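Note on naming: letters A, B, ... go to the chains in the order of the sequence lines (proteins, then strands), and numbering restarts at 1 for each one. Computation of the quantities below employed the complete heavy-atom set of this structure, encompassing side-chain atoms and omitting hydrogens, waters and symmetry-equivalent molecules. Source: prediction; values computed, not measured.
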There are 2 protein chains.
Amino acid sequence: MPRSLSKDFSPVQLQGIAEMFASLSDGSRLTILNSLRTSPAFVSEICLRTGLKQANVSKQLGILRRAGLVQSRRQGNQIKYSIREPMVFDLCGIVCRKLRRDARQRVVMLH
Amino acid sequence: MPRSLSKDFSPVQLQGIAEMFASLSDGSRLTILNSLRTSPAFVSEICLRTGLKQANVSKQLGILRRAGLVQSRRQGNQIKYSIREPMVFDLCGIVCRKLRRDARQRVVMLH
DNA sequence: TGACAATATTACTAATCTGCAATATTATCC
DNA sequence: GGATAATATTGCAGATTAGTAATATTGTCA
């Protein structure tokens, strides 16, 4: 079905979508997601991988979990986080390609 | 190529991606984009379609334009805005499907 | 040129958000 | 139980944001 014929999003949908994008609109949170891409990790490991402070990592993980983007499971003393929604990397890929397109075009415009 | 083998995003890329998501993280802006989906429109038409105030629409259009999501072209007295990046609706679609999945799963969990 | 219409910008308030230090919670081990 | 380690939460300062009213800009037409 061509895009032009697909249905509009409802106000409720748009609000939900906006909130999901808000969860993804912070560099630290994307860094954390990216660090979980290779493999699940404990909070302390995420701190090491990203260089972010523990309190900050916990806070951002809470936001990501409430958004349904990561999941956690206790393992003894520690809590292991993992990606719950791999589609987030699809989103990032789409955006990243767009950013590259824009950058390339900006180069051309200067010639 | 399986996702697990694709390359990480660089810090610079992640920051850019986060900023793009930030542009999309507001209900009014998504409403404006959605209103432009059917057809390009003048600012005054966007106000009518969305019910948003003129100053607000202009402000949000500025953010969307700076993000490279819409483009504008003057037509006499008015300025016509149009979608510059249809991929934004792909993003919304992906997120929307995820929200539906989550909602459905929440229903199941209550049984 | 002057009046008018369409859009952009500015200044502002209220609300929200990030990162941090300090503290609380939870589980393990002795 | 008490000490310790891992994680979560709280309170806070500084920065950012959305929406608004008022004002500035830009183009059209007489």
*Asks:* Taking only residues two or more places apart in sequence or in another chain, which ones pass salt bridge (Lys or Arg N to Asp or Glu O under 4.0 Å) with B/E85?
*Replies:*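 Per chain and number, B/E85 pairs via salt bridge (Lys or Arg N to Asp or Glu O under 4.0 Å) with A/K98, A/R101.
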*Asks:* To the nearest 0.5 Å, tell me how far A/T31 OG1 sits from B/D8 CG.
*Replies:*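 Between atom OG1 of A/T31 and atom CG of B/D8 there are 10.5 Å.
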*Asks:* Hey, where on DNA chain C does chain A first and last touch, going 5' to 3'? Cut-off is any atom under 4.0 Å from a heavy atom.
*Replies:* C/dT18 to C/dT28
*Asks:* Using the side-chain contact (heavy atoms from CB on, under 4.5 Å) rule, take B/Y81 and B/Q71 through it: C-alpha gap first, then chi angles, then the decisive distance, then the call.
*Replies:* CA-CA 6 Å; B/Y81 279 84; B/Q71 57 197 353; over 6 Å; no
*Asks:* Side chains of B/I94 and A/I94: closer than 4.5 Å at any heavy-atom pair?
*Replies:*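 Yes, their side chains come closer than 4.5 Å.
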*Asks:* Side-chain donor-acceptor pairs under 3.5 Å in residues 20-30 of chain A, sequence neighbours left out?
*Replies:*
residue: A/S23; atom: OG; partner: A/E19; partner atom: O; Å: 3.2
residue: A/S25; atom: OG; partner: A/A22; partner atom: O; Å: 2.8
residue: A/D26; atom: OD2; partner: A/S28; partner atom: N; Å: 3.0
residue: A/D26; atom: OD2; partner: A/R29; partner atom: N; Å: 3.2
residue: A/R29; atom: NE; partner: A/S23; partner atom: O; Å: 2.7
residue: A/R29; atom: NH1; partner: A/Q60; partner atom: OE1; Å: 2.7
residue: A/R29; atom: NH2; partner: A/A22; partner atom: O; Å: 3.2

*Asks:* On DNA chain C, nearest-nucleotide positions of A/L52 versus B/I79: which is more 5'?
*Replies:*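 So the residue in question is B/I79.
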*Asks:* Just to verify, what does B/C47 make a side-chain contact (heavy atoms from CB on, under 4.5 Å) with, not counting sequence neighbours?
*Replies:* B/V43, B/Q54, B/V57
*Asks:* Which distance, rounded to the nearest 0.5 Å, do you find between the CG of B/L33 and the CZ of B/R84?
*Replies:*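 These two atoms lie 13.5 Å from each other.
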*Asks:* Decide yes or no on side-chain contact (heavy atoms from CB on, under 4.5 Å) for A/V107 and A/R104, but give the supporting numbers first.
*Replies:* CA-CA 5 Å; A/V107 171; A/R104 221 176 302 130; 5.6 Å; no
*Asks:* Contacts to DNA chain C from residues 55-68 of chain B, heavy-atom cutoff under 4.0 Å, which residues?
*Replies:*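 Residues of residues 55-68 of chain B that come under 4.0 Å of DNA chain C are, in numerical order, B/A55, B/S58.
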*Asks:* According to the salt bridge (charged side-chain N to carboxylate O under 4.0 Å, His left out) rule, which pairs have a member within residues 48-74 of chain A, sequence neighbours left out?
*Replies:* none
*Asks:* Using 0.5 Å steps for rounding, measure from the CD1 atom of A/I46 to the CD1 atom of A/I32.
*Replies:*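 Rounded to the nearest 0.5 Å, the CD1-CD1 separation comes to 6.5 Å.
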*Asks:* Can you sort out the partners of B/P40 under side-chain contact (heavy atoms from CB on, under 4.5 Å), two or more places apart, ordered by chain and number?
*Replies:*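 B/P40 satisfies side-chain contact (heavy atoms from CB on, under 4.5 Å) with B/K80, B/S82 only.
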*Asks:* Using a strict heavy-atom distance below 4.0 Å, which residues from residues 42-51 of chain B are in contact with DNA chain C?
*Replies:*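 Nucleic-acid contacts, sorted: B/F42, B/V43, B/S44.
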*Asks:* Hey, which sits more toward the 5' end of DNA chain C by its nearest nucleotide, A/G76 or B/R74?
*Replies:* B/R74
*Asks:* Could you measure the distance from the CZ atom of B/F9 to the CG atom of A/N34? Nearest 0.5 Å is fine.
*Replies:*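 Atom-to-atom, B/F9:CZ and A/N34:CG are 7.0 Å apart.
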*Asks:* If we ignore hydrogens and angles and just use 3.5 Å, is the side chain of B/Q13 paired with the main-chain N or O of B/S10 as donor and acceptor?
*Replies:*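 Looks like yes, one N/O pair under 3.5 Å.
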*Asks:* Under 4.0 Å from a heavy atom of chain B: give me the 5'-most and 3'-most nucleotides of DNA chain D that qualify.
*Replies:*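 Both ends considered, the range comes out as D/dA18 to D/dT28.
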